[in-house]
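Below is one structure; the comments refer to it alone.
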Amino acid sequence: MRHTLSILVENKSGVLSRVAGLFSGRGFNIESLSVAETIDPMVSHMTIVTRGNDQILEQITKQLNKLINIIKVVDFINGDFVDREIALVKVSVNDSNRSELLSIIDIFRGKVVDISLDSYVIEITGDEDKIKAIITLLKPMGIKEVTRTGTVAMSRGSKTKN
Amino acid sequence: MRLKGAQILLETLVREKTEVVFGYPGGAVIDIYHELPNYPSLKHVLVRHEQGAVHAADGYARASGKVGVCLVTSGPGATNTVTGIATACMDSIPLVVFTGQVPTMLIGNDSFQEADIVGITRPCTKHNYLVKDVEELAQTVKEAFYIAETGRPGPVLVDLPKDVMNAFCEYRYPSVVKLRSYNPTIKGHTGQIKRIMAEILKAEKPVLYAGGGVISSNGSKELISLARKLSIPVTTTLMGLGAFPEDDDDLSLGMLGMHGAYRANMAATNCDLLIAVGARFDDRVTGKIDEFAALAKIIHIDIDPTSISKNVQVDIPIVGDVKATLKHMLEVFEKEDRKEDWGEVRKDWLQQINEWKNTYPLEYVQKDVIKPQFIVEKFSEATKGEAIITTEVGQNQMWTAQYFKFIKPRTFLTSGGLGTMGYGLPAAIGAQIAFPGRVVIDIAGDGSIQMNIQELATAVQYKLPIKIAILNNGYLGMVRQWQELFYQKRYSNTVMDIVPDFVKLAEAYGILGLRATEPKEVVSVIEKALSTPGPVIMDFVVEPEEGVYPMVPAGAPINKMLLV
Ligand SMILES: Cc1cc2nc3c(=O)[nH]c(=O)nc-3n(C[C@H](O)[C@H](O)[C@H](O)COP(=O)(O)OP(=O)(O)OC[C@H]3O[C@@H](n4cnc5c(N)ncnc54)[C@H](O)[C@@H]3O)c2cc1C
Ligand SMILES: Cc1ncc(C[n+]2csc(CCOP(=O)(O)OP(=O)(O)O)c2C)c(N)n1
Ligand SMILES: [Mg+2]
């Protein structure tokens with residue numbers, strides 16, 4: 001099963017290696033990872049997407065909690081959180097595909113953030129399915145490059161992690 | 001008070017009640033060494049190899065229950081500590097290891113004697129630090145000790161760049177540590193404790209499975225009273241030996257697992273309630289995991305949540321300190337005691353265990369060639385449970401676990417989790433430093449003893465009367481035994497027939513060397529060694545192809561033992 005972990009960590013050097021090392025050293029896998037500071041500059045927030053059965057997830061969560069610099073780990077279970085990622089997609093553009101391209105971008109509420117003679121850079125935000133969907137549609141038009149952030153996630157409602 | 005980094009470090013060590021530092025100097029720590037003579041309460045033990053420093057600090061910690069402290073230089077000094085640190089980490093031993101580092105400006109430049117020791121030891125420490133600013137030094141040292149000795153203990157490494165050791169700042173000893181993200185649970189959940197007491201009172205065939213956590217929490221007394229009040233037999237892991245007195249003939253089952261006693265493995269397999277106390281269901285203990293204690297409900301008391309349900313699914317977990325939890329259990333029991341005669345209640349179960357014990361007791365036959373088991377038994381008889389025993393790794397270690405009767409906690413120091421050959425001699429040095437007046441014996445193999453033999457000079461220098469008993473079988477015996485049993489007796493590279501003459505080697509170090517080649521010499525060699533004031537090496541020429549039995553083949557359930 002796929003799990004999205006939301007992790008608060010102390011903003012100290014080496015924390016990312018501790019987390020990444022824990023996953024590789026114990027044979028857990030990371031599908032995506034993103035990190036950035038929170039409003040408290042002493043604290044960072046990581047979102048990790050991983051896979052495993054209940055027992056593996058229990059170990060991952062416990063092992064993460066055991067790391068000294070980790071403040072809190074929440075395993076989001078389906079439904080009670082929102083998750084987003086951003087993709088930047090560079091596509092070839094020419095007279096024959098321009099209007100179709102623009103309409104796809106429009107449908108997905110994307111943005112063209114850079115234009116050159118023969119290419120657009122498109123910014124698209126959404127959950128993983130949405131990103132996958134637009135990539136599938138853009139592929140036939142000639143994708144030159146894709147970069148994606150990892151997933152970031154947050155619980156719904158007024159609950160907070162700290 | 002304005003102090004230099006090196007002084008802050010040493011001052012803080014003194015305030016943390018450090019008595020001994022095991023170390024080895026070098027350029028990156030020369031400033032610390034320069035200040036050291038100004039702190040006469042810090043005894044420094046100069047080892048002969050940094051691995052020896054860490055094992056010695058580890059032996060000191062296991063024997064005394066205090067944090068072991070090391071100080072080594074950057075680069076090779078630091079990398080030499082890695083095996084020692086990993087050994088301590090696997091066995092949850094509290095250490096603080098200080099490594100020198102190149103000046104902060106030069107970090108990352110492939111500078112002379114630079115090694116990223118924080119990166120290298122990240123997976124084998126409980127936590128580690130690089131101190132970049134002298135202002136953080138005192139707090140970091142304080143935290144390092146706190147993390148090393150609280151919760152599940154473990155080694156902590158603190159990397160000290162040379163410029164930080166020379167920088168000045170105002171010194172204030174941080175009297176408290178508060179870590180936002182580290183808060184071990186000591187007190188077990190009351191509801192769970194009541195639940196487990198109810199299970200224990202209900203069980204017909206309970207077994208206590210006691211591990212290293214009983215020793216690290218100093219919970220042996222509580223374990224003994226729980227076992228005796230409720231007549232529950234106790235088996236210990238290799239790491240738990242000494243937590244329950246093995247001279248308690250009714251309740252002590254001895255060690256379980258791959259080389260466990262027949263009765264212990266049978267009891268674990270057939271019990272209806274397994275109470276794991278500070279033990280981590282290691283694969284050497286469980287054998288085939290689905291068949292381990294398959295008929296039993298499992299209770300698990302452990303301070304580290306990751307130990308629980310890691311290998312075996314547990315029915316009732318309790319996260320907490322062993323000593324505190326057992327105490328609490330005893331209180332609940334006293335309140336709810338139905339005044340039953342528990343000896344009577346458990347009669348059938350204890351009788352069954354006794355039958356197992358009599359069917360296949362631990363045994364060997366002593367003929368004309370010395371049997372290693374015989375030597376271990378004679379040491380056990382000669383020292384009556386008072387000595388501190390260390391071992392190397394291999395058959396020597398297993399025979400010691402099986403045939404030495406451990407009565408008290410912290411008297412058996414061995415590398416269980418990592419299985420580090422070369423552990424025993426430096427660990428004996430550390431234990432002897434902790435307890436100058438006690439008998440300390442390293443029961444060694446002819447292979448392992450050569451891995452840190454250089455530490456003999458340390459023993460001589462500090463007049464440490466450690467006794468080294470080499471069970472000299474001419475083989476890397478444990479590996480040879482596997483080759484014998486599972487690799488068609490192809491003894492590829494396990495013959496160790498070229499070894500130094502250990503008696504002459506002793507003499508080269510200016511200490512007494514003794515040799516026994518016949519069974520009748522064993523006791524007199526032991527007596528002579530124990531009555532000699534200084535260090536002694538005993539070379540026991542033993543049966544070359546003796547095996548360690550019982551043995552559970554890898555992957556088999558633990559009740560399927562090879563018995564001879
Ligand atoms: C050649 C060889 C053969 C071996 N054969 C065997 C064998 O036959 N049988 C055997 O038993 N071992 C054997 N071992 C050792 C084995 O590898 C493990 O080291 C050992 O079984 C682990 O012991 P343990 O479960 O007591 O755990 P330890 O490693 O001692 O771990 C202690 C546990 O207690 C917990 N703990 C620590 N402090 C506290 C506290 N204050 N309160 C609560 N919990 C705490 C920890 O979180 C941890 O889970 C062998 C080793 C070698 C090298
Ligand atoms: C550092 C290290 N290297 C290799 C091993 C693998 N190993 C385990 S036991 C053993 C043999 C030890 O030989 P010896 O010290 O003579 O002990 P014996 O088994 O003969 O009593 C070896 C090589 C180990 N445990 N540690
Ligand atoms: Mg040998």
Side-chain angles (χ1 to χ4, degrees), chain A residues 1 3 5-30 33 35 37-48 50 52-75 160-162, chain B residues 86 89 92 104 107-108 116-133 136 139-140 143-144 146-148 150-159 177-185 280-281 289 300 302-314 317 319:
Chain A
M1 255 251 291
H3 291 251
L5 303 180
S6 173
I7 308 166
L8 282 186
V9 301
E10 288 185 306
N11 200 358
K12 295 205 167 145
S13 79
V15 189
L16 181 58
S17 331
R18 287 183 207 283
V19 172
L22 183 130
F23 275 78
S24 61
R26 292 189 181 267
F28 305 141
N29 68 14
I30 296 183
L33 180 152
V35 205
E37 238 175 50
T38 62
I39 4 178
D40 177 354
M42 310 279 281
V43 176
S44 288
H45 183 196
M46 285 189 191
T47 309
I48 293 184
T50 183
N53 61 27
D54 289 351
Q55 203 198 339
I56 290 173
L57 257 290
E58 182 182 334
Q59 265 301 309
I60 292 178
T61 314
K62 286 175 168 178
Q63 293 287 357
L64 282 168
N65 271 311
K66 186 168 160 181
L67 293 179
I68 307 286
N69 295 138
I70 287 202
I71 302 168
K72 186 153 192 188
V73 182
V74 177
D75 180 0
T160 62
K161 240 189 324 314
N162 15 11
Chain B
C89 196
S92 307
T104 38
I107 291 178
D116 174 13
I117 197 66
V118 168
I120 290 170
T121 60
R122 206 170 276 133
C124 64
T125 49
K126 181 169 173 187
H127 194 57
N128 60 17
Y129 295 92
L130 168 63
V131 183
K132 285 191 184 146
D133 181 348
E136 292 168 4
Q139 184 67 37
T140 305
E143 279 179 24
Y146 178 69
I147 290 171
T150 53
R152 178 178 186 166
V156 178
L157 181 139
V158 183
D159 203 19
V177 209
K178 226 178 140 28
L179 291 167
R180 155 171 204 186
S181 49
Y182 173 74
N183 222 333
T185 311
R280 58 183 173 82
F281 295 84
I289 201 103
H300 191 180
D302 203 294
I303 203 157
D304 179 359
T306 67
S307 282
I308 293 174
S309 293
K310 177 168 63 182
N311 301 334
V312 168
Q313 214 49 45
V314 169
V319 176

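Here is how names work: the chains are called A, B, and so on, in the same order as the sequence lines, proteins then strands, and each is numbered from 1.
Using a distance-only test at 3.5 Å, with no hydrogens or angles considered, a donor-acceptor pair links the side chain of A:K62 to the main chain of B:I308. With hydrogens and angles disregarded, a donor-acceptor distance shorter than 3.5 Å links the side chain of A:Q59 to the backbone of B:T306.
Options B:L130, B:N128, B:L179, B:I147 differ in how many heavy-atom pairs under 4.5 Å they form with chain A, and the most are formed by B:N128.
Ion pair B:R180/A:D40 flagged as a salt bridge, since at least one NZ, NE, NH1 or NH2 atom sits closer than 4.0 Å to an Asp/Glu carboxylate oxygen.
Side-chain atoms of B:S309 and A:Q55, non-hydrogen and from C-beta on, never get closer than 4.5 Å to each other. The shortest distance between side-chain heavy atoms of A:N69 and B:H127 falls below 4.5 Å.
The number of heavy atoms from other shown groups lying within 6.0 Å of CG (A:N53) is above 12.
For B:P305, the parts lying under 4.5 angstrom from a heavy atom of chain A are both the backbone and the side chain. Residue B:N183 does not touch chain A at all, counting heavy-atom pairs closer than 4.5 Å. In this structure, chain B has a heavy atom under 4.5 Å from the backbone of A:I70, while its side chain stays farther away.
Applying the side-chain hydrogen bond (donor to acceptor under 3.5 Å, both in side chains) test to B:S92 and every residue at least two apart in sequence or in another chain returns B:R152.
Proximity to chain B among residues 12-24 of chain A is limited to A:S13, A:G14, A:S17, A:R18, judged by heavy-atom separations below 4.5 angstrom.
The distance from atom OH of B:Y146 to atom CD1 of A:I68, rounded to the nearest 0.5 Å, is 9.5 Å.
When every heavy atom of B:S181 is checked against every heavy atom of A:E10, the shortest pair comes out as OG-OE1, 3.3 Å.
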